[in-house]
Colleague: 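Okay, handing you the structure first.
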Amino acid sequence: MDTTTLDSVRERLVARRDEIRSELDRMSTEMQWIGQDQEDEGSLGNHMGDDGSNVAEAERISTISDNLEDVLVQVNGALQRLDQGTYGTCQRCGRQIAPERLEAFPYVMYCIDCQAAIERENALRLGF
Ligand SMILES: [Zn+2]
């Protein structure tokens, strides 16, 4: 991959990382609000809807945060590989990852074959 391409990949990854970080910040603030709302319950009554919806909302936010944190780890890993000059190489078999795959998912670690193999292994481990 040429330097210009790598530079634009880095830009996209850094932008994505910042985006995820601010999103995570926003969600942790939201979680605090939900927590406070529940603590207030006893004395002040509930002004934000019933308990059930708060719990569901908290769960929804925590699921999204978990996913975002996963992506953040992958984005950071990709930035690290850019620094090390191993970006675009499959971390499992060492082959070049297809450019159109990197274009679609700039932070992928594996080529499409390894990704499929890993997903199969995970599925087997989980007993599917
Ligand atoms: Zn591979």
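Below, each value reflects all heavy atoms present in this structure, side chains not excepted, and no hydrogens, waters or symmetry copies. Numbering of ligands and ligand atoms starts at 1, following listing order. Computed from a prediction, not measured in an experiment: that's the story for all the values here.
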Colleague: If you leave out waters, which protein N, O or S atoms are less than 2.8 Å from the Zn ion (ligand 1)?
Modeller: Cys90 SG, Cys93 SG, Cys111 SG, Cys114 SG
Colleague: When Leu72 is tested against each of Arg17, Glu23, Glu19 for side chain to side chain contact (heavy atoms under 4.5 Å, CB included), which residue passes?
Modeller: Arg17
Colleague: With sequence neighbours left out, what residues match Ala98 under side-chain contact (heavy atoms from CB on, under 4.5 Å)?
Modeller: Glu100, Arg101
Colleague: Would you check if there is a donor-acceptor pair between the side chains of Thr5 and Asp2 at a distance under 3.5 Å?
Modeller: yes
Colleague: Salt bridge or not between Arg10 and Asp83? Use side-chain N to carboxylate O under 4.0 Å.
Modeller: yes
Colleague: Under a 3.5 Å cutoff, is there a donor and acceptor pairing between the side chains of Glu119 and Gln115?
Modeller: yes
Colleague: What heavy-atom pair brings Ile97 and Cys111 nearest, and what distance separates the two atoms?
Modeller: CG1-N, 3.9 Å
